[in-house]
Structures are given as C-alpha cells and as structure tokens.
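Contents: one structure, followed by commentary.
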Amino acid sequence: MNSFEAFKDPQLCRALLARLTAEATTPFRFMEVCGTHTVAIFQSGLRSLLPPTITHLTGPGCPVCVTHESEVAAFLDLAGRDDVVLATFGDLMRVPGPKGRNLKTAKADGARVEVVYSPVDALAVAAANPGRTVVFLGVGFETTAPAVAATIKLAREQNLKNFRVLSFHKLVPPALEALLSDPDINVDAFVLPGHVSAIIGATPYAFVAGKYHVPSVIAGFEPLDILTALLDIAGMLKNDAPTIRNGYTRVVSDAGNPVAMAMMDEVFAPADALWRGLGLIPQSGLVLRDEFADFDAMRLPGVELKETPPLPGCRCGEVLKGKMAPNECPLFGKACTPATPVGPCMVSTEGGCAAYFKYRLDL
Ligand code: SF4
C-alpha cells in the first residue's frame, strides 16, 4: 500500500467512523469551504456513512461559483470586444451570465476565447496575438493568486505589452468572517481548505475559534483526513474547547508558504470584493497594485462592474451560504442539470449542485 492509499484504508476508515459515531452524540452542522472537499466527501461515499447527528453543508469554496454576477457580465463584455483575446481556465466557459450568455456561446458568436491550463500559457497567447490585448481571467482563491502574480512578473520580464489580468481573486478568511457574523447562518464547525491553507497557513483562521468560538480543522482530501477532522471537531464541541487544528501537516505548515505569500503580496493588494450570494465583503478580494497597473484589465477603458441581476430562479447564493441544500432548489435535476446548468454551482465540477447531481443525492 503506498502512502496515498494508506489514507483511504477501509479498516481504518471503519474504525474512525465507529469512533465518530460514538463521539458525536450531540448533533452538529459542519461546513467545508473547499470545492475539492465537496467532491471528496461525496466521491468517497463518506456523505452517506456519516452518523445522523452530523450534517454536512457545502460552503462558498468553489471559486467559479462565488464569482459574482457582475464579474461574469464584465468578462462576457470583454469577450465581445474585437481588440481582446480572453484566456481562461476551462471551468469558466459555461458559467451563465446575463441573458443566458456564457463564454462558450460568445466564442460561437466569434469572440476570441482561449482555454489555458496555467496562467503562464496565457503569455504564449499574448505573444501570438501582438495586435490584441490578451486578458487572463484571474478567478480563484489564495491557491491560484501566487501563480497569477508570478505570471504578471514574468510578463514584465518578457516586456509583453499586450497582457493583462482581470483579477477577481477571492480570499477565504474574510468570507468565513462574513458567514460567522450573519445571524441567519447556522454553522457549528468548519473543515478548512487544505489547498488554500498550504499557502496562508493556519494563523489567519485564529478569529474563527477566538472570536466566534467555532472549532475548525484544516484537512486533507482523503477519507482518513476528513474523518479525523470530524472526530477532532466532535471532541472540541463535546468539550466546549474550540480551537483551530491543523490536521494536514504533511502539506500545511502553521506559517503557510512565505514565498507564495510574498509573491502574492508584491503584485496584489486586498480590496473589497463582491461574492455571489454573500454580496460585498470588505477586504476579501485582490486587485493589482499601482506598480502593476499596466497589467490590470480593470483599468482598460470601458471595463467596469455594472449592477447585474441574479440568475432567474437560481438559488446558488443560498446554497453557497449553507442555507439551502442543492436538491432543495426547485430547479435542481429538472430545468437545471450539468447538461443544462442554470447556475454556476451546477457548472463547476467543484460546485455543490453538480456534486449532488453526480452522486445522485436525493434525486
Ligand atoms: Fe442554481 Fe441549478 Fe443549483 Fe438551483 S440547482 S441553485 S438553479 S445551480
């Protein structure tokens, strides 16, 4: 058994589940804030094995899903410009915008949209299109932002004058604070994101336990990681001893990755940002610093965030806040399926609605 398989060991999983069932005598609701956790919990079958005292909520951990309506409208407007080539990760291609438009339909209508697998690939697109401005869509959390920052620096080194980034990056800790300060949201604990934490470490979450008394565990993505995190949470709740635990020490250090954080900090500055469902959250986004203004697509003439109505009938906003399970949305599995997505939570492979649909939960 290799070291990855060891984290899926069925015997250990069964033993941990038995301990969890014995420990979780008081019901609790935990939220994971990472699209990879959403999928891992369903894919491993854990969701259906959890004791009935534990309720799993999917939170705002899918970057494509939390990209605000007005941000989607802004990049669709950019795609419609003759002087622009959009470079994007593939998961944004089918995110619905106003009037049912998305990047795929825009491309069919003649827009120049290139799917790239890394931000650096967008530099090659820029080099191949000297007469146009190539705009990379910067959508992602702290996990993605350092690589985008490094790409911007590389563009400067390569003296590329036609490369820009539309930075809609989001930061996880301010979103947790927004959720915790909303009296309508009922969450007893968080399973914190392993990937984001690999960059920022454990320290930025201290307020979750310190100010809000909510126990939380940074977790990896294998069944044993998740079960151990839940067992930790059950123990902290039982003993009324909330704290932030790092359960993913093979990847996450408490101090995070200083090189990646320095890269991010050199290029980006925190700013207020709009989140789908959560609205405007102070200091929860990243904008390009003035020193990198030449690479900022938001500073191109005519680019702005306009007031944009929510998608008709879509309840993604409530799903992302854990206020509604995906299968409680009236459109789930009917008008809205992965083949005919009405909202981004059904488009993204990391979206809660797509996970519920794929794993046939309560269809
Ligand atoms: Fe939106 Fe579809 Fe999810 Fe309903 S099922 S919340 S319409 S993505």
Side-chain angles (χ1 to χ4, degrees), residues 29-43 47-48 55-76 88-106 137 139-141 168 170 175 178-179 182 184-187 191 193 273-281 307-363:
R29 294 156 59 88
F30 82 92
M31 176 181 275
E32 36 75 7
V33 196
C34 174
T36 312
H37 276 141
T38 310
V39 173
I41 288 169
F42 284 102
Q43 199 171 42
R47 167 80 190 215
S48 52
T55 303
H56 163 218
L57 307 170
T58 63
C62 157
V64 169
C65 306
V66 297
T67 300
H68 192 263
E69 294 88 343
S70 61
E71 295 174 332
V72 176
F75 68 64
L76 284 168
T88 176
F89 294 140
D91 53 2
L92 284 167
M93 289 297 287
R94 293 201 310 142
V95 171
K99 298 181 187 151
R101 290 185 305 149
N102 61 34
L103 287 178
K104 222 173 158 188
T105 56
L137 299 186
V139 166
F141 295 125
F168 293 148
K170 309 271 191 285
L179 285 171
D182 183 340
D184 291 339
I185 292 174
N186 177 10
V187 176
V191 169
L274 287 163
W275 293 57
R276 189 184 299 268
L278 283 82
L280 188 75
I281 304 180
E307 201 164 321
T308 307
L311 295 164
C314 178
R315 311 288 286 272
C316 273
E318 288 153 88
V319 169
L320 292 164
K321 291 189 283 191
K323 290 178 77 173
M324 173 186 264
N327 55 356
E328 290 168 351
C329 169
L331 304 187
F332 178 82
K334 299 181 182 87
C336 185
T337 69
T340 56
V342 174
C345 302
M346 190 61 92
V347 173
S348 172
T349 50
E350 297 198 329
C353 300
Y356 264 64
F357 188 91
K358 183 172 181 183
Y359 297 99
R360 292 292 186 267
L361 215 82
D362 301 333
L363 256 183

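Remember, it's 1-based here, ligands and their atoms both numbered in the order they're listed.
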Item to complete: Give a yes/no answer: is there an N/O/S atom of Cys336 under 2.8 Å from atom 4 (Fe) of ligand 1?
Response: no
Worksheet item: Who's the nearest protein heavy-atom neighbour of atom 3 (Fe) of ligand 1, and how far?
Response: Cys353 SG, 2.4 Å
Discussion item. Is the ring pair Phe30/His56 parallel, tilted or perpendicular, if the boundaries are 30 and 60 degrees?
Written reply: parallel
Fill in: Atom indices of ligand 1, in the order listed, that fall short of 4.0 Å to a heavy atom of Met346
8 (S)
Discussion item. Quick one, Asp91 and Val347 - any side-chain contact, counting heavy atoms below 4.5 Å?
Written reply: no
Worksheet entry | Per-atom contacts of ligand 1 with Cys316, taking only distances under 4.0 Å to non-hydrogen atoms | 1 (Fe), 6 (S), 8 (S)
Fill in: Note, Val95 side chain near Leu103 side chain (heavy atom, < 4.5 Å)
no
Fill in: Presence of N, O or S from Cys314 under 2.8 Å of atom 3 (Fe) of ligand 1
no
Fill in: Under-4.0 Å salt bridge between Glu71 and Lys170
yes
Practice prompt. Number the atoms of ligand 1 from 1 as they appear, then name those within less than 4.0 Å of a heavy atom of Gly343, with their elements.
Written response: 8 (S)
Worksheet item: For the residue pair Cys65 and Arg276, what are the closest heavy atoms and their distance?
Response: O-NE, 3.0 Å
Item to complete: Measure the distance from atom 4 (Fe) of ligand 1 to every protein heavy atom, then report the residue, atom name and distance (to 0.1 Å) of the closest one.
Response: Cys329 SG, 2.3 Å
Worksheet item: Taking NZ, NE, NH1 and NH2 as the nitrogens, is one of them in Arg315 or Glu318 under 4.0 Å from a carboxylate oxygen of the other?
Response: yes
